[in-house]
Colleague: 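This is the structure I have questions about; it appears just below.
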Amino acid sequence: MKGHISTEKLAALNEKYLPFAEFAQELEDLTDYPPKFHFSAKDNICATGFQARAGSRILEGYRPPFDATVVRKMREANGILIGKTNMDEFGFGTFCTNSAFGIPRNPHDVERSCGGSSGGAAAITALLDKHVALAESTGGSISCPASFCGVIGLTPTYGRVSRYGLIDYANSLDKIGLIARTSDDLKRFLPIISGPDKKDPTSIVQPQLQLGGFKVKSVAVPEEAMQNLDPAVRTAFEAALEKLREMGIESHRVSMPSLGFALAAYYVLATSEASTNLARYKGMLFGVRGGHIDQSFNDYFSEVRSANFGKEAKRRVLLGTYTRMVGFRDRYYLKALAVRQLVIKEYNGLMEHNDAILTPTMPFIAPRFSEIARMKPLEVYQADFLTVPPNLTGMPHLSLPCGYHDRMPIGMQLVAPHWEERRLLDVAGRWCSGFDIRFPEVSG
Ligand code: GLN
């Protein structure tokens, strides 16, 4: 049957690949696809009927009594929410290994990571036909997993999509976007989730979303982005540049010195914001309650947080509290804000002579879990050096599959000026008509 998915099928897929933190126990059949369609939401996006735990034990049992604006809009457009997808705790991670409710496995090779933090969203999109995932990116959490799982990830301009009902990681960076299998799906669902929403003031002033009317002719490729790449990624990316040239898109090698500072600035800003956001989880308002209410507030608060935050969340609270402290604020937080402005300026400068900026998405193919276990936190952060910079600027970006190595997908990332999602849709449409995206053989 067209678009048919049963709960048994979801259960079987979840046993093998763990894309879901929770999935629907009753599913309406898709005999009339379209207009009806199935979608999933990352676990940090609130939806009635499901828990919203953002990959964290501290939110165990939290059932939001409302829909996030994006979920409401998808449901109003005939969407059926089939589940909440696994993610790194609060979005803190690059491999989805910091997820409290199951570490998703890459559908192309179960020994490898799906990427993070929207790992479950990318995995389920690679596994299910006619599926679109609502995902979220703060510093690359849509591009990275899309690239590792060989699907398409679209991160819209900051403010294009309402964040109402999103569990915050870092408010000045968070964006809700889509992970899809086809460029047609991006065109279909982006207008549904976009637009001003009174409940999110950063979405109010936005130019109308346009879906066409722009043909991309040139892209800038920063030299700095071509360093420290795995040879397989470099080869696939260079072959993709050649294909783009045949499609009428020239690439220009440029220099972008700020790429060298963007990563450090991001981790200062993101952890600073995250450490204040996490203060609301104290075992009183949402999720778990502490056992001993007869102690002082500080002891109660510390006990609940020590028991329920994961290691990476604790590391980020420490880092972010430190960078905001009197005496360090000037040296770290304010300096990082200045770097952020510099990055935006450089992107804008390059966009004056090029329609978009193109780099590989990740410096390597999806790593094995055994390799990730040996990586130090700093090495994990460094893996984000290409996905973090566009997120700092708030510009829309897209990760597209561009090649394969050892059966594993490789992605490229295109960045467009603010509000110019149509340039990304243009390239996505043209690229997909000439490139065969390989989906894994699903045995689940
Ligand atoms: N890997 C990045 C981080 O851990 C990005 C995460 C995200 O975009 N949510 O901060």
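Order of appearance sets the numbers: ligands from 1, and atoms from 1 within every ligand. Computed from a prediction, not measured in an experiment: that's the story for all the values here.
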Colleague: Taking heavy atoms and a distance under 4.0 Å, where does Glu89 meet ligand 1: side chain, backbone, both or neither?
Modeller: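 Contact part for Glu89 vs ligand 1: neither.
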
Colleague: Counting the benzene-type ring for Trp, do Phe66 and Tyr164 have ring centres under 6.0 Å apart?
Modeller: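 Yes.
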
Colleague: Is the shortest distance from a heavy atom of Lys175 to ligand 1 less than 4.0 Å?
Modeller: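 Distance cut 4.0 Å: Lys175 fails for ligand 1.
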
Colleague: Determine whether any heavy atom of Ala270 lies closer than 4.0 Å to an atom of ligand 1.
Modeller: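 The answer is no: ligand 1 sits nowhere under 4.0 Å from a heavy atom of Ala270.
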
Colleague: Determine the interplanar angle of the Phe39 and Phe37 rings, folded into 0 to 90°, and report it as parallel if under 30°, tilted if 30 to 60°, perpendicular if over 60°.
Modeller: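 The arrangement is tilted - the two ring planes meet at 30° to 60°.
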
Colleague: Strictly under 4.0 Å, does any heavy atom of Phe90 approach an atom of ligand 1?
Modeller: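 Judged by the 4.0 Å heavy-atom criterion, Phe90 does not count as contacting ligand 1.
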
Colleague: Which heavy atom in Cys96 sits nearest to a heavy atom in Ser117, and how many Å separate them?
Modeller: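 So the minimum-distance heavy-atom pair works out to SG-O, 3.5 Å.
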
Colleague: For ligand 1, is Tyr381 a contact, meaning one of its heavy atoms is under 4.0 Å away?
Modeller: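 Not so, Tyr381 does not reach ligand 1.
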
Colleague: Would you indicate whether the side-chain heavy atoms of Phe90 and Phe309 approach each other to under 4.5 Å?
Modeller: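 Result yes, sub-4.5 Å side-chain heavy-atom pair found.
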
Colleague: Is there a polar contact, in the sense of an N or O pair closer than 3.5 Å, between Gly93 and ligand 1?
Modeller: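 For ligand 1, there is an N or O atom that lies under 3.5 Å from one belonging to Gly93.
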
Colleague: Is there a polar contact between ligand 1 and Thr94, counting only N or O atoms under 3.5 Å apart?
Modeller: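 For ligand 1, there is an N or O atom that lies under 3.5 Å from one belonging to Thr94.
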
Colleague: At what distance is the nearest protein heavy atom to atom 2 (C) of ligand 1, and which residue and atom is it?
Modeller: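 Going atom by atom, the protein heavy atom closest to atom 2 (C) of ligand 1 ends up being Asp384 OD2, 3.2 Å.
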
Colleague: Once you restrict to heavy atoms under 4.0 Å, what part of Ser141 touches ligand 1? Side chain, backbone, both or neither.
Modeller: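 Both of them.
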
Colleague: Can you sort out which atoms of ligand 1 are near Ser137, meaning under 4.0 Å from one of its heavy atoms?
Modeller: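 Result: 8 (O).
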
Colleague: A cation-pi test, strictly: NZ or CZ of Arg329 under 6.0 Å from the centre of the six-membered ring of Tyr322 and no more than 45 degrees from its axis. Yes or no?
Modeller: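 Output no; distance or angle outside limits.
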
Colleague: Counting each atom of ligand 1 from 1 as listed, which ones have a heavy atom of Phe92 under 4.0 Å away?
Modeller: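 Under 4.0 Å from Phe92, ligand 1 has these atoms: 4 (O).
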
Colleague: Counting N and O atoms only, with roles assigned by atom type, does the side chain of His405 sit under 3.5 Å from a partner on the main chain of Gly403, one being a donor and the other an acceptor?
Modeller: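 The answer is no, because no donor-acceptor pair under 3.5 Å joins these two groups.
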
Colleague: Any cation-pi pair here, Arg324 with Tyr333, using under 6.0 Å and within 45°?
Modeller: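 Geometry flag: not set, cation outside 6.0 Å or 45°.
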
Colleague: Any side-chain heavy atom of Met74 sitting closer than 4.5 Å to one from Leu81?
Modeller: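 Answer no - side chains too far apart.
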
Colleague: Does the distance from a Lys or Arg side-chain N to an Asp or Glu carboxylate O, for Arg181 and Asp129, drop under 4.0 Å?
Modeller: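 Here Arg181 pairs with Asp129 in a salt bridge, since their nearest N and O are under 4.0 Å apart.
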
Colleague: Report, in ascending order of atom number, the atoms of ligand 1 lying under 4.0 Å from any heavy atom of Gly139.
Modeller: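 Answer for ligand 1: 5 (C), 7 (C), 8 (O).
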
Colleague: Can you list the ligand 1 atoms lying under 4.0 Å from a non-hydrogen atom of Gly91?
Modeller: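 So the answer, numbered in order with elements, is 3 (C), 4 (O), 6 (C), 7 (C), 9 (N).
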
